[in-house]
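Numbers restart at 1 for each chain; the letters A, B, ... are given by sequence-line order, proteins then strands. Just so it is clear, the values below take in all heavy atoms, side chains as well, and ignore hydrogens, waters and symmetry mates.
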Amino acid sequence: MTNKGKFYITTAIAYASRKPHIGNTYDVVSADVIARYKRARGYDVFFCTGTDEHGQKIENYAAEAGISPQQYVDNISAEIKRICELLGSTHTHFIRTTDDYHVKAVQKLFTKLYTQGDIYKDSYEGWYCVPCESFFTDTQAKDGVCPDCGRPLRREKEEAYFFKMSKYQDKLLSFLEQNPDFVTPENIRREMINNFIKPGLQDLCVSRSSFKWGIPVEFDQKHVVYVWLDALTNYITALGYSPDKKDEKYEKYWPCDVHVIGKDIARFHTIYWPIFLMALGEPLPKKVFAHPWLLFGNDKMSKSKGNVMYADDLVELFGLDAVRYYLASAMPLTTDGSITYESVISCFNTDLANTFGNLASRTVAMTKKYFGGTVPAPAEPTEFDAELKEAAKAAYDGFVENIENYRISDAVNSAMELSRRANKYIDLTTPWALAKDESQKARLGTVIYNLLETLRIASLLLTPVMPGACGKILSVIGADGDEFESAATFGALKDGYTVGDLPILFARVDEAKMMEKINGDK
RNA sequence: CGCGGAGUAGAGCAGCCUGGUAGCUCGUCGGGCUCAUAACCCGGAGGUCAUGUGGUUCAAAUCCCAUCUCCGCAACCA
């Protein structure tokens with residue numbers, strides 16, 4: 001496989017305050033699908049995810065739990081890491097903002113920005129809740145009470161360091177105007193330009209002195225670095241970046257090819273992050289992919305609504321491949337996606353059990369029944385064969401085109417479309433009828449070969465999404481070493497191989513029974 | 001008030017940029033097949049594409065304008 005160069009992909013780091021629900025993990029799954037795909041194409045992939053572990057909220061939660069903030073984030077971070085692994089994430093690095101190398105790099109970079117005049121000392125003013133020890137914005141505090149505890153807020157001031165956003169505003173605007181592809185989807189870019197940049201950027205508060213749980217400012221120890229200068233810089237510190245020395249890894253992988261994030265933090269990634277990098281004199285990332293949210297039905301998932309779904313439960317009920325498939329296929333590009341147990345069951349039965357799993361099952365079964373399990377060599381093609389080959393080509397092209405543009409659900413659907421087409425091919429060619437006529441043996445061989453080959457192609461395409469099931473199929477039909485790009489060529493499957501046993505990959509789910517089980521567990 | 005989306009068959013979505021017989025999945029009704037996980041295949045029914053019987057055009061879901069409804073953002077909560 002030829003090396004196509006490097007590919008650096010990141011997810012947003014998860015805030016280590018609470019256990020994440022399935023919607024929070026979409027980042028990781030979608031980034032993992034892309035990372036696996038890129039690796040399969042021959043890229044040297046660096047895939048980074050991790051946890052954001054500082055801040056007032058964590059300090060408060062730790063105090064409630066009666067443990068130190070460090071103990072608290074150790075627990076949550078381990079839990080988040082476990083969930084990433086449970087979901088099959090193939091990240092190459094898991095960063096924690098409490099990691100020593102990150103802390104040191106952030107301190108140095110803060111000092112550098114201060115020394116060069118991008119950071120200055122002033123005071124921060126906002127609505128403050130004394131019991132919660134938290135500041136809130138005007139919109140958050142619109143009723144004059146704390147959005148967390150409901151008690152009255154009061155106007156407070158504290159000393160803080162600020163970053164001069166205004167200084168880089170024009171540069172950022174022209175960058176965004178000249179790089180319309182920087183943000184996907186495009187509407188986010190318009191929103192940022194119109195709402196924030198054109199009216200004039202406010203300087204950003206980058207330190208706090210009202211709480212302690214954060215990275216101390218080197219030259220002014222009563223301050224800790226506040227949020228974004230700590231969190232966003234993970235993308236470069238993970239590669240060993242520090243203002244005074246750039247690691248070899250940094251030189252190799254930066255700039256980032258794509259930051260996968262939720263749309264809610266688009267502002268920080270398309271405005272503050274590029275500006276921080278400009279100030280540091282480093283190249284900007286190539287793309288920010290801001291995906292929509294995964295809603296429960298039509299509602300935002302929240303504990304108080306009792307509609308939260310977790311990765312653990314879904315994987316236990318449906319299996320890893322199915323959960324990944326659902327997430328990859330159910331998320332539209334610009335509007336929010338939706339998940340319910342019913343929709344997962346329906347997707348599972350329709351796409352995975354009936355269409356894809358059953359295609360694999362019947363194809364392998366016919367190979368055994370008609371050819372003793374040996375992959376037959378193809379003979380003279382007919383028009384049905386040509387149509388199937390065209391469909392395979394279209395599936396490959398569609399998959400690649402879509403995934404390269406981060407249209408993951410469209411990519412998945414391209415592959416599934418091929419499976420549907422193959423099921424139709426079986427009806428058109430009626431192999432069971434051919435089998436009754438000895439003179440049709442060669443024709444039957446061609447049909448079975450074409451089906452196995454189609455199965456190989458569909459499986460290769462879907463491997464980044466469902467590595468388990470697809471890997472199993474490929475190994476059973478003797479194609480487990482095949483490169484992704486061989487899916488572009490119909491006929492790459494070698495004949496003469498004896499197929500193995502294929503277990504039921506996706507056993508149909510009885511919706512009523514499954515719902516009973518789910519509701520019983522609650 | 002501002003900014004960004006969305007409004008297309010019972011449900012979920014695509015199509016809109018680059019106008020030209022309204023498409024996909026599920027569901028539903030009818031038929032076919034038996035290799036397969038009661039799966040698979042074919043066909044039917046079902047939409048005045050939010051509204052304005054608005055503008056541009058030979059032609060508009062697609063471009064323009066106005067209105068209505070829903071959602072998100074509105075800057076220091078990640």
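Nearest to the side-chain atoms of A/Tyr272 among the listed nucleotides B/A75, B/C73, B/U25 stands B/A75. Of the candidate nucleotides B/C26, B/C41, B/C77, B/C26 has the atom lying nearest to any side-chain atom of A/Ser346. Checking B/C77, B/A39, B/C73 against the side-chain heavy atoms of A/Tyr124 singles out B/C77 as nearest. Considering only side-chain atoms of A/Ile504, the nucleotide from B/A78, B/U25, B/U37 that sits closest is B/U37. The nucleotide whose nearest atom lies closest to any side-chain atom of A/Asp52 is, among B/A78, B/C35, B/U25, B/A78. Of the candidate nucleotides B/C73, B/A78, B/A39, B/A78 has the atom nearest to the side chain of A/Val227. For A/Asn195, the listed nucleotide lying nearest its side chain is B/G2; candidates were B/A75, B/U37, B/G2. Nearest nucleotide to the side chain of A/Lys424, out of B/C41, B/G4, B/G15: B/C41. For A/Arg362, counting side-chain heavy atoms from C-beta on, the closest listed nucleotide (B/G32, B/C77, B/A36) is B/A36. Candidate nucleotides B/A78, B/C35, B/G4 were compared by shortest atom distance to the side chain of A/Ile426, and B/C35 ranks first.
Nucleotides B/C65 and B/A75, compared at atom P, are 28 Å apart to the nearest Å. The same atom, P, is picked in B/G55 and in B/G47; the two are 27 Å apart, to the nearest Å. Nucleotides B/C13 and B/G72 place their P atoms 16 Å apart, quoted to the nearest Å. Taking atom P in both B/C29 and B/A74, the straight-line distance is 47 Å, to the nearest Å. As rounded to the nearest Å, B/A6 and B/C63 have P atoms that lie 10 Å from one another. Here the separation of B/U48 from B/U53, taken at their C1' atoms, is 10 Å to the nearest Å. Comparing the C1' positions of B/A9 and B/U28 gives an interatomic distance of 12 Å, to the nearest angstrom.
The aromatic ring centres of A/Phe175 and A/Phe182 sit less than 6.0 Å apart. Residues A/Tyr272 and A/Trp228 keep their aromatic ring centres 6.0 Å or farther apart. For an aromatic pair to be called close, the ring centres must be under 6.0 Å apart, and A/His259 with A/Tyr235 satisfies this.
Rounded to whole Å, the distance from CG on A/Leu451 to P on B/C40 is 16 Å. With rounding to whole Å, A/Phe196 atom CZ is found 11 Å from B/G4 atom C1'.
Base engagement by A/Ser361 is indicated by at least one non-hydrogen atom pair under 4.0 Å involving a base atom. Residue A/Leu359 is out of contact with every strand shown, counting any heavy-atom pair closer than 4.0 Å. Residue A/Gly200 is in base contact, counting any heavy-atom pair closer than 4.0 Å across all strands shown. When heavy atoms are screened at a 4.0 angstrom cut-off, A/Phe506 is found touching base atoms of the nucleic acid. Residue A/Asp203 is classed as a base contact, given a heavy-atom separation below 4.0 Å to a base.
Look at A/Asn413 and you won't find any side-chain N or O under 4.0 angstrom from OP1 or OP2 of B/C24. Taking side-chain N and O atoms only, A/Arg267 has a distance below 4.0 Å to OP1 or OP2 of B/A74. Residue A/Arg190 has a polar side-chain atom (N or O) positioned under 4.0 Å from OP1 or OP2 of B/G5. An OP1 or OP2 oxygen of B/A78 is reached within less than 4.0 angstrom by a side-chain nitrogen or oxygen of A/Tyr226. Phosphate contact (OP1/OP2 of B/A39, side-chain N/O of A/Arg508, threshold under 4.0 Å): present.
For A/Lys19 and A/Tyr310, the positive end sits near the middle of the six-membered ring, less than 6.0 Å away and at most 45° from its axis. Relative to the six-membered ring of A/Phe384, A/Lys424 misses at least one condition, a distance below 6.0 Å or an angle of at most 45° to the axis.
Base pairing analysis places B/C73 opposite B/G2; the two distances defining the Watson-Crick or G-U wobble pair are each below 3.5 Å. Under the Watson-Crick or G-U wobble criterion, with both distances below 3.5 Å, B/U57 has no partner in any strand shown. Checking B/U28 for Watson-Crick or G-U wobble geometry (two distances, each under 3.5 Å) identifies B/G44 as its partner. Judged by Watson-Crick or G-U wobble contacts below 3.5 Å, the nucleotide B/C68 has B/G7 as its partner.
Place A/Cys205 and A/Ala353 on RNA chain B by their nearest nucleotides, and A/Ala353 ends up nearer the 5' end. Place A/Glu191 and A/Leu505 on RNA chain B by their nearest nucleotides, and A/Glu191 ends up nearer the 5' end.
Within 6.0 Å of the CG atom in A/Asp501, the count of heavy atoms belonging to other residues, nucleotides or ligands does not exceed 12.
Donor-acceptor pairing under 3.5 Å, judged by distance alone, is present between the side chain of A/Asp427 and the base of B/G32. Between the side chain of A/Asn358 and the base of B/A39 there is no donor-acceptor pair of N/O atoms closer than 3.5 Å.
Using the six-membered ring where Trp is involved, A/Trp273 and A/Phe276 have ring planes that are perpendicular, over 60° apart on the 30 and 60° scheme.
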CA sep, side-chain torsions, deciding dist, call: A/Asp437, A/Arg443, salt bridge (charged side-chain N to carboxylate O under 4.0 Å, His left out):
CA-CA 10 Å; A/Asp437 182 350; A/Arg443 176 65 196 140; over 6 Å; no
